[in-house]
Amino acid sequence: MNITKIIENKKNKKILNEDEITYAVNAYVMGIISDAQMASLLMAICINGMNIEETYFLTRAMIESGDVIDLSNIPGIKVDKHSTGGVGDKTTLVVAPIVASCGVSVAKLSGRGLGHTGGTIDKLESISGFKSDLSEEEFVQQVKEIGIVDAQQTKDIVPADKKMYALRDVTGTTRSVPLIASSIMSKKIAAGADKIILDVKTGSGALITDFEESVELAKMMVQIGKMFKKETIAVITDMNEPLGCSIGNGLEVKEAIKTLEGNGEKRLTNLCLTLASYMISMGKEISLEEAKKEAIDALASKRALNKFKEFISYQGGDLNNIKEAKYSYDVCVAEEGYIRDIDETSLAMECLSMGSGRINKDDSINHGVGMIIKKHIGDYVSKGDVLVTVYYDDKKANVENILKSFMLSKTKDEEFPLIYTIIK
Ligand code: URA
């Protein structure tokens, strides 16, 4: 097999066959083809795309580059969830305990934040002592014992994605429907769950901003899930404003706890209940209405909160010790009007500048810093009202940039819908 020929085929808009795709992935993992050659192929895929068969072969080759976790001796249907990434997205911390407390096992591998979007592992690591690097044996054992686990991807699970994702990140090849679909689905399938729910974010703060392209991504991932015989449902959800009230790791964990206590922000709570209902319905094979009743009851009865506490403590975390920043200040509005739009990417970049996330892959982060957003789209604000409270340690966020992130208007516009469509 000749990698130059494979690159040229994709450059010339040809459909790659199974052998070509499998060879490219294996040869890259083994170091037979160089970063330059793989980057060139990834760029050709970015520009000319891949059809569903090519994307399936790519996903399969990536899965086969490493281990697949075997959850088959755990009774019942195991369900996993994935979000394509957003600002303030702490849904996993709420959804997974709701689902597990209803008796459906959640076996989840999560990622770290990169760029302006956060990652669940970084959020969990703001809890002192929390251990996210579990062995495959520990991962399986925890699902068996308490029905819930969330750990980082081990080096043996989809090593091809680790290598390819790092290369994509520095070669401008992140935004591609087949590359995102194969990257996410290879990890979901290798994590061993039977059924998968996908939260595909769309809007200005999402990885894919365009609605039609988000639908295309969702359809491709659902189709790939089916090709691997895993029931997969995608929910296309709004990312035109931060989800909930907080951005920043420790602050988001605290907001997740508040939500589990029944005092969460409305849109965040609704999204968590929707995602949890689909997972419970898939896991118990009951109607969505019945599942929703169970999810609401799990929140109201504090069963989900107790499951969350059990899960954190099982992985060594101390909820009395969540990282916090030392200082804070309020950012107040100088005009009045209705909030028409919030530039969540710009707010996330301000958090990033205080150390909440990484600019480069190996950067260390500050788990305590971030923001609490006091006003949402549709709210009326008067001069002097607090828009945001900033939590910082050694570097402050830029007040001008924060103020510019809130767009005001004289009249109240329609709010963005929370959920656009469901793809099955
Ligand atoms: N998340 C992933 O895991 N992979 C992508 O390519 C994009 C988002």
Side-chain angles (χ1 to χ4, degrees), residues 86-91 93-94 116-118 123 126 203-205 237-272 322-357 366-393 395-418:
V87 177
D89 184 1
K90 66 281 292 173
T91 50
L93 302 176
V94 181
H116 77 279
T117 62
K123 299 180 212 284
S126 68
S204 56
T237 70
D238 185 63
M239 190 29 75
N240 282 298
E241 63 176 313
L243 192 55
C245 300
S246 55
I247 310 175
N249 300 294
L251 294 170
E252 292 192 43
V253 170
K254 288 184 186 166
E255 185 177 6
I257 295 170
K258 202 168 157 194
T259 310
L260 286 163
E261 285 168 345
N263 304 316
E265 189 265 339
K266 197 177 67 205
R267 276 168 76 91
L268 172 65
T269 304
N270 285 344
L271 179 58
C272 291
I322 300 171
K323 307 242 168 68
E324 283 176 0
K326 287 195 202 76
Y327 313 108
S328 68
Y329 59 94
D330 289 337
V331 177
C332 302
V333 63
E335 307 157 64
E336 57 183 37
Y338 290 95
I339 298 180
R340 177 174 54 81
D341 204 354
I342 301 177
D343 183 347
E344 67 284 352
T345 305
S346 151
L347 293 179
M349 293 311 284
E350 286 305 316
C351 291
L352 203 59
S353 77
M354 295 189 290
S356 73
N366 182 331
H367 291 90
V369 301
M371 292 176 186
I372 299 212
I373 295 148
K374 308 279 180 166
K375 300 286 177 191
H376 297 272
I377 292 181
D379 286 349
Y380 186 81
V381 290
S382 307
K383 231 174 168 171
D385 281 354
V386 178
L387 284 179
V388 163
T389 303
V390 178
Y391 295 83
Y392 73 104
D393 275 328
K395 189 175 177 294
K396 288 185 171 184
N398 181 307
V399 171
E400 278 305 301
N401 288 347
I402 294 175
L403 286 172
K404 270 194 271 167
S405 307
F406 287 79
M407 274 66 88
L408 301 188
S409 74
K410 294 257 169 298
T411 52
K412 188 174 161 116
D413 290 351
E414 247 180 64
E415 285 177 37
F416 291 104
L418 178 63

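Everything numeric in this text was worked out from a predicted model, so none of it was measured.
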Undergrad: Between the main-chain N or O of A325 and the side-chain N or O of D393, is there a donor-acceptor pair closer than 3.5 Å?
TA: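 No, because the side chain of D393 does not come within donor-acceptor range (under 3.5 Å) of the backbone of A325.
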Undergrad: Hey, are the side chains of L347 and V87 touching, using non-hydrogen atoms and a 4.5 Å cut-off?
TA: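 No - every pair of side-chain heavy atoms lies 4.5 Å or more apart.
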Undergrad: What's the separation between atom CE in M371 and atom OG in S405, rounded to the nearest 0.5 Å?
TA: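 M371 atom CE to S405 atom OG measures 7.5 Å (nearest 0.5 Å).
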Undergrad: Once you round to the nearest 0.5 Å, how far does CE of M349 lie from CG of N398?
TA: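 Result: 12.5 Å between the selected atoms.
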Undergrad: If you round to the nearest 0.5 Å, how far is CG of N240 from CZ of F416?
TA: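 Going from the CZ atom of F416 to the CG atom of N240 covers 4.0 Å.
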Undergrad: Could you pull out all donor-acceptor pairs under 3.5 Å where a side-chain atom in residues 331-343 meets a protein atom, sequence neighbours excluded?
TA:
from	atom 1	to	atom 2	distance (Å)
D343	OD1	T345	N	3.2
D343	OD1	S346	N	3.1

Undergrad: What is the distance from atom CG of L93 to atom OG1 of T91, rounded to the nearest 0.5 Å?
TA: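 Answer rounded to 0.5 Å: 8.0 Å.
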Undergrad: Could you go through the side chain to side chain contact (heavy atoms under 4.5 Å, CB included) check for T237 and L243 one step at a time?
TA: CA-CA 10 Å; T237 70; L243 192 55; over 6 Å; no
Undergrad: Supply the atom-to-atom distance Y391 OH to K326 NZ, rounded to the nearest 0.5 angstrom.
TA: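 Interatomic distance, Y391 OH to K326 NZ, rounded to 0.5 Å: 16.0 Å.
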Undergrad: Is there a donor-acceptor contact under 3.5 Å from the side chain of K90 to the main chain of S246?
TA: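 Yes: the side chain of K90 pairs with the backbone of S246.
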Undergrad: Please answer whether the main-chain N or O of G205 pairs with a side-chain N or O of E344 as donor and acceptor at a distance below 3.5 Å.
TA: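 Yes, the answer is positive, given that a donor and an acceptor are paired below the 3.5 Å cut-off.
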Undergrad: Any idea which heavy atoms bring G244 and E265 closest together, and the distance?
TA: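 Looks like CA-OE1, 3.4 Å.
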Undergrad: For atom NZ of K375, decide whether the heavy atoms of other residues, nucleotides or ligands shown that lie under 6.0 angstrom number more than 12.
TA: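 Yes, because the 6.0 Å sphere around NZ of K375 holds more than 12 heavy atoms from other groups.
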Undergrad: Would you name the heavy atoms of S126 and V253 that are closest together and state the gap between them?
TA: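 For S126 versus V253, the nearest heavy atoms are OG-CG2, 3.5 Å.
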Undergrad: Return the minimal non-hydrogen interatomic distance between C272 and V94, and the atom names on each side.
TA: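 What the structure gives for the nearest pair is SG-CB, 3.6 Å.
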Undergrad: Which heavy atom in E350 sits nearest to a heavy atom in I402, and how many Å separate them?
TA: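 Nearest pair, atom of E350 first, then I402: CG-CG1, 4.3 Å.
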Undergrad: Name the atoms and distances for all side-chain donor-acceptor pairs under 3.5 Å in residues 376-389, with sequence neighbours left out.
TA:
from	atom 1	to	atom 2	distance (Å)
D379	OD2	H376	N	2.8
D385	OD2	S382	N	2.9
T389	OG1	D330	OD1	2.8

Undergrad: Considering non-hydrogen atoms only, spot the tightest contact between C351 and V369 and give its length.
TA: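 Minimum heavy-atom separation between C351 and V369: O-CG2, 4.4 Å.
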Undergrad: I need the I373 CD1 to E241 CD distance, nearest 0.5 Å.
TA: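 Reported to 0.5 Å precision, the distance equals 8.5 Å.
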